[in-house]
Protein chains: 2
Amino acid sequence: MKHVTIKDIARHLNISTSSVSRAFNNKYDIKKETRELILKTAEEMGYVPNPIAKKLSQNCSLNIGLVVPEIINGYYSKVVIALQEFLTEKGYQVLVMQSDENEVQELKNVKTLINNMVDGLIIAPTAGNKNTSYYIEKYNEGYPIVFLNRVSETLKASKVIFNNINWSFFATEHLIKQQYKKIYHLSGYKNLCVSSERAQGFKKAMQKYNFPSENYKIIETGLLATEGMNIIEKLISSDDIPNAFFCVNDMVALGAMKRLKDKGYKIPDDVAFVGFTETRTAELVTPQLTSVKQPTFEMAKKAGEILLNKINNPNSKTETAIFNGKLNIRKSSIR
Amino acid sequence: MKHVTIKDIARHLNISTSSVSRAFNNKYDIKKETRELILKTAEEMGYVPNPIAKKLSQNCSLNIGLVVPEIINGYYSKVVIALQEFLTEKGYQVLVMQSDENEVQELKNVKTLINNMVDGLIIAPTAGNKNTSYYIEKYNEGYPIVFLNRVSETLKASKVIFNNINWSFFATEHLIKQQYKKIYHLSGYKNLCVSSERAQGFKKAMQKYNFPSENYKIIETGLLATEGMNIIEKLISSDDIPNAFFCVNDMVALGAMKRLKDKGYKIPDDVAFVGFTETRTAELVTPQLTSVKQPTFEMAKKAGEILLNKINNPNSKTETAIFNGKLNIRKSSIR
DNA sequence: TCTAATCCCGGGAACGTTCCCGGAAAATGG
DNA sequence: CCATTTTCCGGGAACGTTCCCGGGATTAGA
């Protein structure tokens, strides 16, 4: 288990450690032959560079911190994978922490990561803005941070976001064109920007198509399937079921759909559904769920690119990337 | 952004760096008052220890490598979270890599992690055994490795596994007791031990209850929903649909169920379903899917415990933990 | 042929800890 | 009061790299 080091190679070849180091870092001031000799004997001696020593001497950790709300959520597990792949290839390691939709936990995670000397952070914040000011402070101090997905367009920091307003507008428009006359929006937490943006898009569509205010409604629920179920219970008991639901995400849609089906409603004949942030499950339920697909991989990768750029080039400008998606129309929303 | 170090504190208090180090590591040979003084001024000066230097000097990385087939799979995202929580609390960091059900990728991941000097590895191997011999070799050299979930009971290494045989026996028995007379098992890859174990459990039940061989069948599919869908197509075209399916996992069950529903079959009246490794979706489809729930968190945590024990106590014995689960009976399998 | 530039390489400090060793001061024992 | 132990602390090497500095050898320029 004893590791062979740069010194062993130097001693073995009777040269200096500097030269060995130079050979590995492909520096200019080394003769081609000696470089090749060093690499060859290093290979033979089974040398692998010690990343920890390297980190200490260059004082950077080559670690990137990633904070997401919930890994079990398919969206964020894709984010994790995408960044994992992208950053590993660039020589970085990714430390993932989840905040469980809890601001206190989130801040704790970020501080843990900073204390562990990550070279930069990618954060998909939870609802609420209690921590944002702290992050912005760090960001303004020059600490490389990129916000992903859950952050408002007005935030003054590098970020990668989805065009929620437009795509929830399109999703709603689709329902309108299918001639559904009474449409409710099941919204997420009010203080979560993606929720409010999606609600805005919904409202915009309602107004553009002159829906009378008694024919649409925005109901705040949450992000979980159970919350979709609960709201249906309430609506049924107050006999207030519309023709169609546009939901803040697939989970809420699936929960609501499930409960309505159990109560004997026919989907989409009695009630139509459109979700958001397409999940794997969307295609496994009956009827299949119409949903807005986001380019998750691309968004995550972009966040990685912006972050690395900031790390390698500290006074690079604040960057904002806004992505568009695709409305996958399935049986849950067509007559 | 300049970090304050142990030396700064030493200089400021006019003491040695050794003492400062001792104060932080709570070593015995330091006076209580000086220790408190040091901690206090360190706090005031905003000192945070540099983990990289610590790692170098103790030559251990305090990193644990975790290799899973697929993070997007709900089971493994739970594993990731559980280990993340457990190991972070113990002062370790977790580096997660996914192998995408690909042996080559898996080996590459493991080697990357080893080169990055992880102190130990937790591996949930993909199907096939090409890499296992390499891992066992490392294990026998004393490298701390714990296998999780996907590994046969006969493997001579520390491992945490689920009692697949018994619980697929119970699941099958449940279908038998519901009076289903013709039951097929949709199995995963043949060379994946969890698949073959689950098939064994199924067969055991069939034999115990004296099912004639024309009334049961084991069909090899895969682990994905689409594979469940495809097999149904085939069975329908050869007019070979049984009364009940016991499936290797929920995804296959959900795919198969979906396709049967689309073709007009009633679940569970025409065909019943039981899955395995309960997913979130199990409760969102109609009818809800009966499934075997595994104690994922506990299993992952146990793997972490065994690993840490091995790291801190290199000649600790090989350990095997076998877990049991629970059959959650829902509408998809009751008359 | 002499000077200046270029090319290589070695020496050694630095990164921020831990930890071993030895010694001074204090406490203990008789 | 002296010898011995205990308590506490400082010095400095070590961990394995990188990187700056300087100097010798080689080449280029006239």
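Hydrogens, waters and symmetry mates are skipped; everything else that's a heavy atom, side chains included, is used.
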Handout entry: Phosphate contact (C/dT18 OP1 or OP2) by B/Asn25 side-chain N/O below 4.0 Å
Key = yes
Exercise for the section: Just call it for B/Ser19: base, sugar-phosphate, or nothing, with non-hydrogen atoms closer than 4.0 Å on any strand. Expected result: sugar-phosphate
Exercise for the section: Look at all strands and tell whether B/Phe24 reaches a base, only sugar-phosphate, or nothing, counting heavy atoms closer than 4.0 Å. Expected result: nothing
Completion exercise
Taken to the nearest whole Å, CG/B/Asn26 to P/C/dT18 is 12 Å
Practice task
Would you kindly check if the NZ (Lys) or CZ (Arg) of A/Lys310 is within the cone defined by 45 degrees around the ring axis of A/Tyr139 and under 6.0 Å from the six-membered ring centre?
Solution key: yes
Handout entry: Side-chain donor/acceptor of B/Ser18 to base of D/dG11, under 3.5 Å
Key = yes
Problem - Sugar-phosphate, base or nothing in reach of A/Asp29, heavy atoms under 4.0 Å - result: base
Practice task
Remember a base hit wins even if backbone is also touched, and classify A/Lys55 as base, sugar-phosphate or nothing at under 4.0 Å, heavy atoms.
Solution key: nothing
For a quick test of your reading: what N or O donor-acceptor pairs under 3.5 Å do the side chains of residues 294-309 of chain A make, sequence neighbours left out?
unit_1, atom_1, unit_2, atom_2, d
A/Gln294, OE1, A/Thr277, OG1, 2.6
A/Thr296, OG1, A/Gln294, O, 3.3

Problem - Position toward the 5' end of DNA chain D (nearest nucleotide), B/Lys32 or B/Asn59 - result: B/Lys32
Practice task
Would you indicate which nucleotide in C/dG16, C/dC9, C/dC21 comes nearest to any side-chain atom of B/Arg22?
Solution key: C/dC21
Fill in the blank from the handout: Across all chains, not counting sequence neighbours, the ring-ring contact (aromatic ring centres under 6.0 Å, His included) partners of B/Tyr75 are none
Practice task
Counting heavy atoms from C-beta on, name the nucleotide in C/dG16, C/dT18, D/dT17 closest to the side chain of A/Ala53.
Solution key: D/dT17
Practice task
Quick one: label B/Pro49 by what it contacts on the DNA or RNA (base, sugar-phosphate, nothing), any heavy atom closer than 4.0 Å.
Solution key: sugar-phosphate
Exercise for the section: Give, for atom CD1 of B/Ile64 and atom CZ of B/Phe86, the distance between the pair rounded to the nearest 0.5 Å. Expected result: 10.0 Å
Completion exercise
Against the side chain of A/Ser57, the closest entry in C/dG16, C/dT18, D/dT18 is D/dT18
Completion exercise
Picking from C/dT17, C/dT18, D/dT18, the nucleotide nearest the side-chain atoms of B/Gln58 would be C/dT18
Practice task
Specify the residue among B/Thr34 and A/Ile6 whose closest nucleotide of DNA chain D lies further upstream toward the 5′ end.
Solution key: B/Thr34
Handout entry: Residue A/Thr5, side-chain atoms from C-beta onward, closest of C/dC15, C/dC9, D/dT17
Key = D/dT17
Exercise for the section: Could you please name the option among C/dG16, D/dT18, C/dT18 that lies closest to any side-chain atom of B/Ser21? Expected result: C/dT18
Exercise for the section: May I ask you to say what B/Ile30 touches in the nucleic acid, namely base, sugar-phosphate or nothing, with a heavy-atom cut-off under 4.0 Å? Expected result: sugar-phosphate
Exercise for the section: Answer with yes or no whether the side chains of B/Ser16 and B/Ser19 bring together a donor and an acceptor at under 3.5 Å. Expected result: yes
Practice task
Select base, sugar-phosphate, or nothing to describe what B/Ile52 touches, counting heavy atoms under 4.0 Å on all strands.
Solution key: nothing
